[in-house]
Amino acid sequence: MIEVFIALIYSMMRMFSAYMLSLLLSIIIGVAMARNKYVESFLLPILDVLQSIPILGFFPIALILLIQAVPGELGVELAIIFLITTSMIWNMIFGVYSSIKSLDPSIYDLMKVYKFNPVISFFRIYIPASIKAIVANSIISWAGGWFFITSSEIIATGTTEIKVLGIGTYILDSFVKGDIEKMYIGIVVLVLSVLATYIFLWNPMFEETGIIKLISCNVLYKNFKKIAVRLYDYAIVLVEILSRRFRFRGTIGKLTISVKFPRNLTELLIVLSILVVFFIVLWNYMNSLYWSINVEINAAQVLLNLILSLSRVLGVVVLSLLLSLILSYYSYITIKSEKHGFMYIVLIGEILASIPAVLWWPILSSLMKMGSLGVYMVSLVVFLQGSLWYSFFNLMLFGISSLRKEVVELADVYGIKGKYFIRHIFIPILLPSIATGMISSWGGAWNSIIVAEYFSTDNVCVNLGGIGALMNEASSRGNVGELIILVTILSLVIAVINKSLWSRLFRKLKGRYLVE
């Protein structure tokens with residue numbers, strides 16, 4: 001019994017380490033993007049694509065840059081923390097970025113008047129301005145980290161498998177060994193620990209933002225906050241002393257980046273030659289590690305599987321939106337009638353969103369005995385697990401809170417109810433949250449393809465086709481070349497769709513449906 005708690009402690013330590021890394025990077029990158037147009041124009045499209053790449057696509061980076069570069073258990077742990085971070089960081093970056101972008105311009109004038117240097121501006125202006133967005137997105141990021149904890153703790157490529165002790169691997173190993181009792185004990189311990197983190201940490205923290213009330217207990221959080229605030233104050237004082245001593249100059253907003261492009265054909269050829277040599281050296285280095293680089297890709301097969309995955313992702317995004325709208329409207333009714341159904345729905349969502357994706361296959365293993373129908377039903381659950389909660393949290397936490405009391409009262413006065421209210425008031429007011437939730441849900445669904453389309457243990461192998469299944473197959477054969485090409489193709493397709501569909505959608509909705 002003690003083994004399951006040890007496994008939980010290991011996973012929890014990795015989660016908090018990945019969260020702290022995500023927090024640090026999201027603040028630095030988000031501020032840099034918001035305050036410098038060159039950084040923004042360079043990073044924004046890259047981050048749009050990276051948030052949609054499945055965690056399997058980051059395995060080569062984890063293996064080459066961390067496990068090989070840092071030998072021993074430390075390299076493995078760093079690789080796992082890096083992989084968990086890739087499932088946490090993206091929405092936190094965009095949250096910080098949006099917060100700084102929406103700052104009142106008069107604040108920047110004050111910063112110039114009082115001659116704030118970059119360091120003081122960062123700690124005194126940008127971080128406080130981002131707190132609400134950080135806290136709100138932390139709830140989603142925390143669930144996203146748990147969602148991929150098992151995939152991070154088991155790095156399998158070809159004949160090589162790197163597995164560490166953790167709650168995800170504990171539950172999965174119990175299932176493989178046929179020890180169903182231990183599997184469910186692990187699941188119960190996981191659910192209770194996730195429930196505790198939300199009730200004692202994330203929900204009290206979220207309540208302080210004043211957005212909306214959730215089920216929480218403030219006893220531990222108050223003490224935690226006192227310590228954190230005091231440490232932050234000491235850190236700011238130290239940083240300000242150092243910044244004055246070393247006389248930092250300029251502001252983050254005035255950071256300039258000069259990029260020199262080749263002026264003639266000779267320079268262009270030299271640059272291209274250097275790049276070709278670099279990639280050849282990198283390719284050979286990778287070939288000497290775990291994987292072979294032999295690439296045998298059937299273009300027609302990749303195209304068909306890509307279309308299959310795309311159709312699944314689009315269907316899941318729409319289904320996630322519909323379910324979220326139903327739950328948010330029901331929550332609105334409970335809030336209006338002064339009942340507590342809304343808070344319980346959010347709490348259940350927080351718990352379900354944190355169950356690792358791979359574990360749904362053993363949890364719902366009885367459905368798989370129904371044949372193909374049961375297998376596709378489990379796959380749909382896994383897809384929804386990766387996609388639904390982004391729409392759910394955006395509508396429940398931000399959408400409902402944007403329903404102004406005076407608008408609702410006017411609707412009551414004029415007797416606007418039912419379908420007319422939903423169509424002409426409820427949905428239009430929620431449209432900004434719907435758009436944000438859908439694009440996040442889109443990225444989450446793509447992330448889910450590696451666990452929704454393919455599941456394999458010693459006793460069970462499920463392959464439903466799709467680009468996610470192809471990536472899993474390439475990884476299981478240890479063919480990094482094929483995996484990189486598949487990830488690249490997927491990234492290009494996602495980038496094109498993001499630019500042609502989601503960007504236009506956001507431009508159309510921007511400021512159009514806000515209720516003043």
Side-chain angles (χ1 to χ4, degrees), residues 136 139-140 143 206 210-215 310-353 376-377 380-381 383-445 497 500-516:
I139 290 179
I140 304 173
F206 185 80
I211 298 175
I212 210 158
K213 186 173 177 61
L214 300 175
I215 294 175
L310 178 60
S311 63
R312 287 170 177 162
V313 166
L314 289 172
V316 168
V317 169
V318 173
L319 181 57
S320 297
L321 175 62
L322 292 175
L323 291 173
S324 300
L325 281 172
I326 292 169
L327 290 171
S328 60
Y329 182 70
Y330 173 77
S331 298
Y332 159 75
I333 297 298
T334 61
I335 293 172
K336 190 178 177 182
S337 58
E338 299 183 350
K339 296 179 181 179
H340 299 291
F342 161 77
M343 292 191 292
Y344 291 112
I345 291 172
V346 172
L347 187 64
I348 292 169
E350 289 173 339
I351 296 169
L352 291 176
Y376 278 102
M377 288 172 65
L380 177 60
V381 170
F383 260 123
L384 285 173
Q385 177 73 357
S387 177
L388 170 63
W389 306 114
Y390 291 99
S391 291
F392 173 84
F393 284 120
N394 272 284
L395 292 183
M396 298 291 277
L397 301 183
F398 304 111
I400 292 178
S401 63
S402 65
L403 283 164
R404 295 276 188 90
K405 186 178 179 181
E406 55 267 29
V407 175
V408 175
E409 289 175 350
L410 278 173
D412 290 338
V413 169
Y414 288 100
I416 302 174
K417 299 178 181 178
K419 293 180 181 179
Y420 195 85
F421 174 82
I422 295 172
R423 182 177 177 183
H424 295 284
I425 297 178
F426 187 75
I427 290 181
I429 291 177
L430 263 62
L431 273 175
S433 295
I434 289 172
T436 304
M438 283 187 73
I439 192 167
S440 299
S441 179
W442 163 261
I497 296 175
S500 60
L501 175 63
W502 298 114
S503 296
R504 291 182 181 180
L505 178 63
F506 269 95
R507 284 198 299 269
K508 188 175 181 180
L509 291 177
K510 189 177 181 181
R512 184 174 177 180
Y513 295 99
L514 296 180
V515 178
E516 301 293 344

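Worth knowing before you read on, the calculation uses all heavy atoms, side chains too, and leaves out hydrogens, waters and symmetry mates.
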For the [atom1] atom of [X] and the [atom2] atom of [Y], what is their distance to the nearest 0.5 Å?
X	Y	atom1	atom2	result
Ile335	Ile400	CD1	CD1	5.0 Å
Ile333	Phe342	CD1	CZ	13.5 Å
Thr436	Phe398	OG1	CZ	9.0 Å
Asn394	Leu321	CG	CG	11.0 Å
Tyr330	Ile345	OH	CD1	5.5 Å

**Request:** Taking side chain to side chain contact (heavy atoms under 4.5 Å, CB included) as the test, write out the residues that go with Ser401, two or more places apart.
**Result:**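 So Ser401 forms a side chain to side chain contact (heavy atoms under 4.5 Å, CB included) with Ile211, Ile212.
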Would you call [X] and [Y] a side-chain contact if the rule is heavy atoms closer than 4.5 Å?
X	Y	result
Phe383	Leu319	no
Trp442	Ile497	yes
Leu325	Ile434	yes

**Asked** Glu350 side chain to Ala143 main-chain N or O, any donor-acceptor pair under 3.5 Å?
**Response** no
**Residues in side-chain hydrogen bond (donor to acceptor under 3.5 Å, both in side chains) contact with Ser328, at least two apart in sequence or another chain** =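 None.
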**For Ser387, side-chain hydrogen bond (donor to acceptor under 3.5 Å, both in side chains) partners two or more places apart** = Ser320, Ser441
**Request:** For Phe392, check ring-ring contact (aromatic ring centres under 6.0 Å, His included) against everything at least two apart and list the hits.
**Result:** Trp389
Which heavy atom in [X] sits nearest to a heavy atom in [Y], and how many Å separate them?
X	Y	answer
Ser391	Met438	OG-N, 4.1 Å
Leu214	Met343	C-SD, 3.9 Å
Ser331	Thr334	O-OG1, 2.6 Å
Gly444	Tyr390	CA-CE1, 3.8 Å

Pair up each side-chain donor or acceptor in residues 423-433 with any protein partner under 3.5 Å, not counting sequence neighbours, and list the distances.
from: Ser433; atom 1: OG; to: Gly399; atom 2: N; distance (Å): 3.3

